[in-house]
Amino acid sequence: MLLKLTVLSVSVLFNCYVSLAADPDPVQDLCIHSTELASGLQCKNSSDVSVEDFVYSGIAHPGEFSKETGLSAISVNVNIFPGLNTLGMSFVRADFDIDGINVPHFHPRATEIAFVLEGRVYSGFVDTENRIFAKVIEKGEVMVFPKGLVHFQMNVGDKPATILGSFNSQNPGLIRLPTAIFGSGIEEKLLKKAFGLSGKEISKLRNRLTPHEKS
Ligand SMILES: *[C@@H]1O[C@H](CO)[C@@H](O)[C@H](O)[C@H]1NC(C)=O
C-alpha cells in the first residue's frame, strides 16, 4: 500500500515536473539583458541596474491597429523588456476592434494564458489531432492555450475588446500561419498542390501577406 502510494506520488511529481518545464531557472538575482552586447546571455553590470530596468510602460495604451485584422498586439518579451531576461516569462497586450481577429498562430516556446480585460472574445485552439476547443470567453475569464498549439481569437462583442496574456517563456516566439505559409516565399507549385489553389489565388494571398507584417 505504502509502496503503491509512493509510486503514485513519484509519478505525480514526475508528471508535474515534466508539464511545468519552461525556460531554465535563473542562477542569480538579476541579469538584465545587456543591450550593448549582441549576446542575450550577458548581464548588464549590476551597479548600473536600477528600478527602471524592472518596469515597462509601453503597454499603457493600445499599439497600432492592423487594417486587415483590426488587431493591435504589443508583445512584451525580453527583446523589448530586457528586465525579463532569465525569468522564464513574458506578456502581451492585445486590443481588438469590433470584429477584429487574432489570426491562427502559435508560440513554439510557450504556453499562454489569456485574460479578457474588456469585451467578449471567441477564443480557441486546435490540438495535434485537429480537434478544436473553442468558445466565447467573457470579461474576467481566462483561457489557456497549450504550448505550440495553433490558436486564434475574434472580438464578437459590440465594442472593442482587450486581452492580457502571459507566457512561460521570456521569448515565446510567434508564428502566424497565414504569413508563415503565404508570406515567406515558399515555392508556388508546392502551395498550389497543398491548398488546391490557382496561381492567381496564391498571388493574391502573397500580396496580402508579404508586406510589412513582422513577428
Ligand atoms: C561594474 O561597474 C563598476 C562601477 O562602475 C565597476 O567598478 C566594475 O568594474 C564593473 N564591472 C564589470 C564586470 O565591468
Side-chain angles (χ1 to χ4, degrees), residues 9-10 12-66 69 71-96 102-103 105-118 125 142-151 153 162-177 179-180 183-185 209-215:
S9 47
V10 166
V12 165
L13 271 178
F14 181 71
N15 285 330
C16 287
Y17 172 74
V18 168
S19 63
L20 289 173
D23 292 355
D25 277 341
V27 291
Q28 63 279 302
D29 280 359
L30 45 100
C31 174
I32 306 299
H33 180 178
S34 172
T35 43
E36 295 95 66
L37 297 155
S39 160
L41 297 174
Q42 298 288 342
C43 311
K44 186 171 172 179
N45 187 330
S46 63
S47 40
D48 298 333
V49 171
S50 77
V51 65
E52 298 309 331
D53 286 300
F54 301 95
V55 175
Y56 181 78
S57 309
I59 52 166
H61 306 285
E64 214 174 296
F65 283 84
S66 151
T69 60
L71 174 77
S72 152
I74 307 174
S75 298
V76 188
N77 57 44
V78 71
N79 303 313
I80 65 162
F81 184 20
L84 290 173
N85 197 30
T86 76
L87 301 183
M89 60 193 299
S90 57
F91 201 71
V92 66
R93 172 181 178 151
D95 293 88
F96 298 78
N102 197 354
V103 302
H105 67 280
F106 66 94
H107 308 285
R109 291 179 291 276
T111 291
E112 174 177 6
I113 185 158
F115 172 76
V116 182
L117 184 68
E118 218 39 81
F125 67 89
V142 296
M143 183 162 182
V144 64
F145 304 117
K147 179 174 178 172
L149 298 187
V150 171
H151 56 281
Q153 293 158 322
T162 301
I163 277 186
L164 304 175
S166 305
F167 301 95
N168 63 340
S169 167
Q170 67 177 31
N171 192 18
L174 168 62
I175 312 270
R176 291 187 187 95
L177 297 191
T179 316
S184 63
L209 295 158
T210 304
H212 40 75
E213 276 208 326
K214 59 175 180 136
S215 59

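Treat the numbers as computed from the prediction; the structure is a model and nothing was measured. Because only heavy atoms are used, hydrogens play no part in the values below, and waters and symmetry mates are left out as well, while side chains stay in. First listed ligand is number 1; within each ligand, the first listed atom is number 1.
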Are the side chain of [X] and the backbone of [Y] linked by a donor-acceptor contact shorter than 3.5 Å?
| X | Y | answer |
| --- | --- | --- |
| S72 | F65 | no |
| R93 | T162 | no |
| H107 | G173 | yes |

Query - Side chain to side chain, N79 and N171, heavy atoms closer than 4.5 Å - result: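 Result yes, sub-4.5 Å side-chain heavy-atom pair found.
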
Query - By ring-ring contact (aromatic ring centres under 6.0 Å, His included) - contacts of F145 (at least two apart) - result: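 Checked F145 against ring-ring contact (aromatic ring centres under 6.0 Å, His included); matches are H151.
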
Show the distances, to 0.1 Å, for all pairs joining an N/O atom of ligand 1 and a protein N/O atom that are shorter than 3.5 Å, listing one pair per line.
{"from": "ligand 1", "atom 1": "2 (O)", "to": "N45", "atom 2": "OD1", "distance (Å)": "3.3"}
{"from": "ligand 1", "atom 1": "2 (O)", "to": "N45", "atom 2": "ND2", "distance (Å)": "2.4"}
{"from": "ligand 1", "atom 1": "2 (O)", "to": "S47", "atom 2": "OG", "distance (Å)": "3.0"}
{"from": "ligand 1", "atom 1": "11 (N)", "to": "N45", "atom 2": "ND2", "distance (Å)": "2.9"}
{"from": "ligand 1", "atom 1": "14 (O)", "to": "N45", "atom 2": "ND2", "distance (Å)": "3.4"}

Query - Heavy-atom pair with the smallest gap, counting every atom of G63 and I74 - result: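 Shortest heavy-atom contact: N-CD1, 3.6 Å.
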
